[in-house]
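These figures come from a predicted structure and were not determined experimentally.
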Amino acid sequence: MSSENRKILIADDEARMRALVRDYLRMKGFQVLEAENGREALEVFQREPDIALILLDVMMPEMDGFETLKELRHISDVPVLMLTARAEEQDELQGFSLGADEYIAKPFSPKVLLARIDAILKRTSAGTGDEQLEAAGICLDERAHEVTVDGKKVELSFKEFELLRYFLENQGIALSREKILNHVWNYDYFGDARTIDTHVKKLRAKMGEKGALIRTIWGMGYKFEPEEA
């Protein structure tokens, strides 16, 4: 996909890391904005509302990545890719529980980073038609990138939106965690498939009573069954 004029914000306290990522992304045609801590990242984002994606380091002074993400999710569902030097499962799950869309551990290959960025942006811009998916009072509008449950708007992160769309497209079908990862994450994911559980838990909570329509298939994955509404 064309990266022309797409803005990416890099928030990392390491100037060398910012320079490495900045130079590579600019070479690929992206506009790059920078912040050296979480507080500055929020300020930049509020000044530049057309930012397409944020690369957010976990370990930063003043306001770390987790706190920054938490504050960010109060005002936007912009895609966020978390960067971390600590490849611990608990950190990864915490990031996803707060609304992160992807997670990549340092050191990483610039080519791998770009592949993940492209995957996110392709899915973000995919909903350019006027297709709507509806079931049991749940309406997903791909063009507007909005979800309503019984007429009430529900704020979902990018990955939660994609997850719900996948469930709506596969009503009544038992879906393994691996299958969900392959379709929703859109690349070969090497993390723990239990990441899906964190996202489903958040999605269910946001959907209220309708969250129960996403049934757990023990030892396998999940099934969306709207006929139980």
Of all the heavy-atom pairs spanning Met60 and Leu56, show the shortest one and how long it is.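 Met60 and Leu56 have their closest heavy atoms at CE-CD1, 3.7 Å.
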List the atom of Ala136, the atom of Leu213, and the distance in Å for their closest heavy-atom pair.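 Taking every non-hydrogen atom into account, CB-CD1, 3.7 Å.
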One pair to check against side-chain hydrogen bond (donor to acceptor under 3.5 Å, both in side chains): Tyr222 and Asn170. What are the steps and the verdict? CA-CA 11 Å; Tyr222 297 93; Asn170 293 275; over 6 Å; no
With the threshold set at 4.0 Å, does a side-chain nitrogen-carboxylate oxygen contact exist between [X] and [Y]?
X	Y	value
Asp23	Arg18	no
Lys106	Glu14	yes
Lys206	Glu155	no

N/O donor-acceptor pair under 3.5 Å between [X] side chain and [Y] backbone:
X	Y	value
Arg116	Tyr103	yes
Gln171	Leu168	yes
Arg26	Gln31	no
Arg177	Met220	yes

Roughly how far, to the nearest 0.5 Å, is the CG atom of Asn37 from the CG atom of Asp64?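 Rounded to the nearest 0.5 Å, the CG-CG separation comes out at 11.0 Å.
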Are there over 12 heavy-atom neighbours, none belonging to Lys179, within less than 6.0 Å of that residue's NZ?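 Atom NZ in Lys179 is not packed in, count stays at 12 or less.
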Just wondering, more than 12 heavy atoms not from Glu209 lying within 6.0 Å of its CD?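 Atom CD in Glu209 is not packed in, count stays at 12 or less.
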So Leu55 and Asp12, do their side chains get closer than 4.5 Å, heavy atoms only?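 Heavy-atom side-chain distance check fails, nothing below 4.5 Å.
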Residue pairs passing the salt bridge (Lys or Arg N to Asp or Glu O under 4.0 Å) test where at least one lies in residues 69-82, sequence neighbours excluded: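 Qualifying pairs, neighbours excluded: Arg73-Asp101.
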Are Ile173 and Phe167 connected into the same hydrophobic cluster when the rule is that any two of I, L, V, M, F, W, Y join if their side-chain heavy atoms are below 4.5 Å apart?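 Phe167 clusters together with Ile173.
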Intermediate values then yes/no, side-chain contact (heavy atoms from CB on, under 4.5 Å), Ile51 and Glu48: CA-CA 6 Å; Ile51 289 172; Glu48 304 279 349; 3.9 Å; yes
Could you go through Thr68 and Phe45, starting from their C-alpha distance and side-chain angles, then the distance that decides it, and tell me whether this counts as side-chain contact (heavy atoms from CB on, under 4.5 Å)? CA-CA 11 Å; Thr68 304; Phe45 181 76; over 6 Å; no
